[in-house]
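As the structure is a computational prediction, the values presented were derived from the model and not from experiment. For this chain, numbers begin at 1 and follow the sequence in order.
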Amino acid sequence: MARPSTHIFRLLKWGRTLARHGALRGIERDPNTPPPVKRLARIARLGTIQPREPDYAGAFRDIGPAAIKLGQTLATRPDLVGEDAARNLLTLQDDLPPVPFEQIRQSIEVSFEQPLENLYAEFDPEPIGAASIAQVHRAVTTEGRQVAVKVLRPGVREQFARDIDTYEWAAAHVEAMGGEAARLRPRLVIANFKRWTNRELDLRREAASASELAEHMVGTPGYEIPGIDWDRTNGRVMTVDWIDGIKISNVEALKAAGHDTAEIANRLVLAFLKQAIAAGFFHADMHQGNLFVKADGTIVAIDFGIMGRIDRRARMWLAEILYGLTTGNYRRVAEIHFEAQYVPSYHNVDEFATALRAVGEPMRGKPVSELSVGQMLDGLFAITRDFDMQTQPHLLLLQKTMVMVEGIATQLNPSINMWDTSAPYVRSWIRDELGPEAAIADRIREDTETLLRLPDLIRRIEDRYPAKGGAPEPPPLPDIELVWEKRAREGRGWLGYAMAAGLGGLAVWAAVAQGLIG
């Protein structure tokens with residue numbers, strides 16, 4: 001843990017970078033910003049020339065790799081950074097100048113403890129992509145398999161650890177200032193960010209995530225996850241099958257290749273819903289650079305460093321919320337927010353339902369080109385303050401991914417209606433998971449699991465209260481107070497005897513000294 005002076009120095013240095021891009025102006029003007037934060041922002045911008053239009057994305061890019069990842073996370077939080085900043089941060093691209101090939105070679109050889117040529121028959125020294133955490137090279141294995149090799153940037157783990165240490169320190173102090181800062185729970189936001197990035201900095205976990213997602217998506221037509229070469233994968237290097245395809249953002253190339261872009265858009269939305277609602281495990285970095293379309297129309301996802309996970313209860317609430325918004329059942333949506341304790345119980349359910357109606361009604365029946373999921377999230381964030389809703393960090397990745405998927409789907413099909421596309425799937429899932437048959441099946445499963453635990457419970461009780469032995473039970477014995485217990489109770493323990501002896505000896509010595517005792 002660094003000293004406070006180190007954290008303050010880093011914050012001031014980052015603050016000057018933000019100031020040069022005009023990105024501190026919003027912090028200083030926001031009435032909810034704690035006064036100490038405003039003072040720090042004023043100190044950081046002293047002597048800088050600020051542009052008229054703030055460039056938040058440029059500021060985070062200049063600060064460094066950890067800031068780029070943090071900026072992409074904050075892009076989903078208009079309630080935290082403001083709508084203008086969130087919109088600008090959505091343009092933040094995770095690309096940096098590549099690391100020299102000799103450093104990449106050394107990293108691979110050190111991590112596998114063997115020469116590069118023993119692993120790959122061919123290895124292109126020019127990367128096909130370089131991001132803040134890793135870069136990717138095309139290669140051919142010694143068995144002739146076409147692969148993509150992802151390698152961590154040297155020193156990136158140590159840099160992230162230093163920066164996140166300061167993020168945690170700053171978030172703790174801001175949250176302790178109370179008020180709006182406490183409601184937004186910055187410490188929990190940074191804790192989730194730390195967990196996501198630590199997972200992304202271990203390429204074995206990324207490979208495992210890809211493998212798990214592939215299992216969940218089995219049987220989903222037109223959606224594919226590249227295979228993992230586990231023999232050439234470790235914490236710093238990951239090798240996956242090479243994908244030949246067109247970037248999903250290149251709409252003109254897709255149309256020229258004869259693909260139905262509207263159908264691809266629908267398939268992408270449904271694939272995301274299956275991951276998030278049915279599996280509870282979803283690709284949370286589904287931006288344009290991580291999705292390709294093969295010649296047969298199959299969508300292929302890559303880069304599984306950031307994954308989202310939602311437990312079953314939260315998925316049930318989410319499905320009901322989405323379905324309630326699409327059907328206009330705002331009362332039920334409001335009740336779910338209270339059941340999930342997203343809204344404190346001292347608020348009124350009907351009042352919250354009315355606020356939700358103000359957000360949802362303008363959305364219904366209109367194409368994304370007019371109103372969008374992103375705008376709906378902005379509207380929901382706007383009412384969170386009125387109803388004292390705390391930030392739910394476990395849903396941040398989901399919100400971010402929803403905005404990403406919507407953006408790509410809109411590019412592919414500007415007239416797509418996300419609600420109409422989502423509603424049939426969500427309705428079917430709710431019927432299967434929340435209908436009478438599902439409720440009976442859940443009860444049977446829970447009761448069966450309880451019955452199966454009974455033998456173990458009985459064994460633990462017997463361990464705690466063992467059976468009596470073969471000897472007869474002894475008769476009751478009288479309760480007799482011991483001598484030293486009585487003396488201790490009356491204040492005449494061994495200490496009393498020692499003091500009495502000492503005083504007696506002192507009296508004898510005094511008598512001898514006075515000649516009273518010969």
Side-chain angles (χ1 to χ4, degrees), residues 93-96 98-101 103-105 107-109 111-112 114-153 200 202-218 220-250 253-254 256-259 264 267-268 271 283 285-307 408:
Q93 296 298 313
D94 192 2
D95 53 357
L96 291 175
V99 174
F101 175 65
Q103 294 183 31
I104 295 297
R105 169 189 279 274
S107 182
I108 295 174
E109 293 181 342
S111 64
F112 283 108
Q114 56 182 306
L116 182 71
E117 289 73 18
N118 289 1
L119 300 164
Y120 307 100
E122 299 177 25
F123 198 100
D124 189 348
E126 292 297 322
I128 58 173
S132 56
I133 286 180
Q135 61 189 53
V136 181
H137 293 255
R138 185 169 186 172
V140 180
T141 67
T142 51
E143 297 85 9
R145 183 179 178 184
Q146 297 279 338
V147 293
V149 184
K150 185 174 184 177
V151 187
L152 287 185
R153 286 176 172 266
E200 197 170 359
D202 184 347
L203 296 185
R204 284 170 302 195
R205 293 184 65 180
E206 179 176 343
S209 295
S211 176
E212 181 179 352
L213 186 62
E215 289 183 2
H216 287 304
M217 298 303 287
V218 167
T220 302
Y223 194 89
E224 184 179 315
I225 308 296
I228 307 297
D229 186 339
W230 289 102
D231 292 334
R232 293 173 177 83
T233 295
N234 58 32
R236 293 184 176 273
V237 182
M238 182 178 72
T239 305
V240 301
D241 289 341
W242 178 262
I243 300 299
D244 278 317
I246 302 170
K247 273 193 176 182
I248 202 166
S249 58
N250 194 343
L254 291 174
H259 295 297
I264 291 174
R267 189 154 25 99
L268 178 65
H283 191 315
D285 199 16
M286 213 178 291
H287 62 72
Q288 298 171 349
N290 287 339
L291 294 168
F292 293 83
V293 179
K294 294 171 65 175
D296 63 357
T298 300
I299 299 172
V300 183
I302 63 170
D303 194 352
F304 305 93
I306 304 178
M307 304 296 293
I408 297 171

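Residues satisfying the side-chain hydrogen bond (donor to acceptor under 3.5 Å, both in side chains) criterion with N234, sequence neighbours excluded, are S111. When the side-chain hydrogen bond (donor to acceptor under 3.5 Å, both in side chains) test is applied to R105, the partners found at least two apart in sequence or on another chain are E109, E117. Partners of T220 under the side-chain hydrogen bond (donor to acceptor under 3.5 Å, both in side chains) rule, at least two apart in sequence or in another chain, are K274. Legend: residues meeting side chain to side chain contact (heavy atoms under 4.5 Å, CB included) with A139, ordered by chain and number and at least two apart, are Y120, F123, V147, V149. With sequence neighbours excluded, the residues forming a salt bridge (charged side-chain N to carboxylate O under 4.0 Å, His left out) with E143 are R232, listed by chain and number. For K294, the salt bridge (charged side-chain N to carboxylate O under 4.0 Å, His left out) test picks out E224, with sequence neighbours left out. Applying the salt bridge (charged side-chain N to carboxylate O under 4.0 Å, His left out) test to E122 and every residue at least two apart in sequence or in another chain returns nothing. For H259, there are no ring pair (Phe, Tyr, Trp, His ring centres under 6.0 Å) partners two or more places apart in sequence or in a different chain. Applying the salt bridge (charged side-chain N to carboxylate O under 4.0 Å, His left out) criterion to D241, with sequence neighbours excluded, gives R145. Among residues two or more places apart in sequence or in another chain, the side chain to side chain contact (heavy atoms under 4.5 Å, CB included) test is passed with A301 by Y223, I225, H283, L291, F304.
For the atom pair CE of M307 and CG of L213, the computed distance is 4.5 Å after rounding to the nearest 0.5 Å. Of the inter-residue distances, the one linking I108 atom CD1 with F101 atom CZ reads 7.0 Å to the nearest 0.5 angstrom. From I264, atom CD1 reaches atom CD1 of I408 across 12.0 Å, with rounding to the nearest 0.5 Å. Between F292 atom CZ and I299 atom CD1 the span is 13.0 Å, to the nearest 0.5 Å. In this structure, CG in D231 is found 9.5 Å from OG1 in T142, a value given to the nearest 0.5 Å.
For the side-chain contact (heavy atoms from CB on, under 4.5 Å) test with V300, the passing option among I243, D244, N290 is I243; the others fail.
Closest of all the heavy-atom pairs between W230 and S211 is CZ2-CB, 4.2 Å. Nearest heavy-atom pair across L268 and I248 is CD2-CD1, 4.3 Å.
Sorted by first and then second residue, the salt bridge (charged side-chain N to carboxylate O under 4.0 Å, His left out) pairs with a member in residues 125-139 form an empty list; sequence neighbours excluded. The list of salt bridge (charged side-chain N to carboxylate O under 4.0 Å, His left out) pairs with a residue in residues 208-218, not counting sequence neighbours, reads E212-R309.
A donor-acceptor pair under 3.5 Å links the side-chain atoms of T233 to the main chain of D229, judged by distance alone. A distance-only check finds no donor-acceptor pair linking the side chain of R153 to the backbone of I104 [under 3.5 Å]. Using modelled atom types, no side-chain atom of Q135 and backbone atom of L152 make a donor-acceptor pair closer than 3.5 Å. Side-chain atoms of R204 do not come within 3.5 Å of backbone N or O of M238 as any donor-acceptor pair.
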Original post:
When you look at I228 and T239, which way does the side chain to side chain contact (heavy atoms under 4.5 Å, CB included) test go after all the steps?
Top reply: CA-CA 6 Å; I228 307 297; T239 305; over 6 Å; no
Original post:
Where do V237 and F112 land on the side chain to side chain contact (heavy atoms under 4.5 Å, CB included) test, with the steps shown first?
Top reply: CA-CA 9 Å; V237 182; F112 283 108; 3.8 Å; yes
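Using a cut-off of 4.0 Å between Lys/Arg side-chain N and Asp/Glu carboxylate O, D303 and K150 are scored as salt-bridged.
Counting only heavy atoms from C-beta outward, the side chains of I128 and H137 never approach each other to under 4.5 Å. Annotation: side chain of T298 is not in contact with side chain of V293 (no heavy-atom distance under 4.5 Å).
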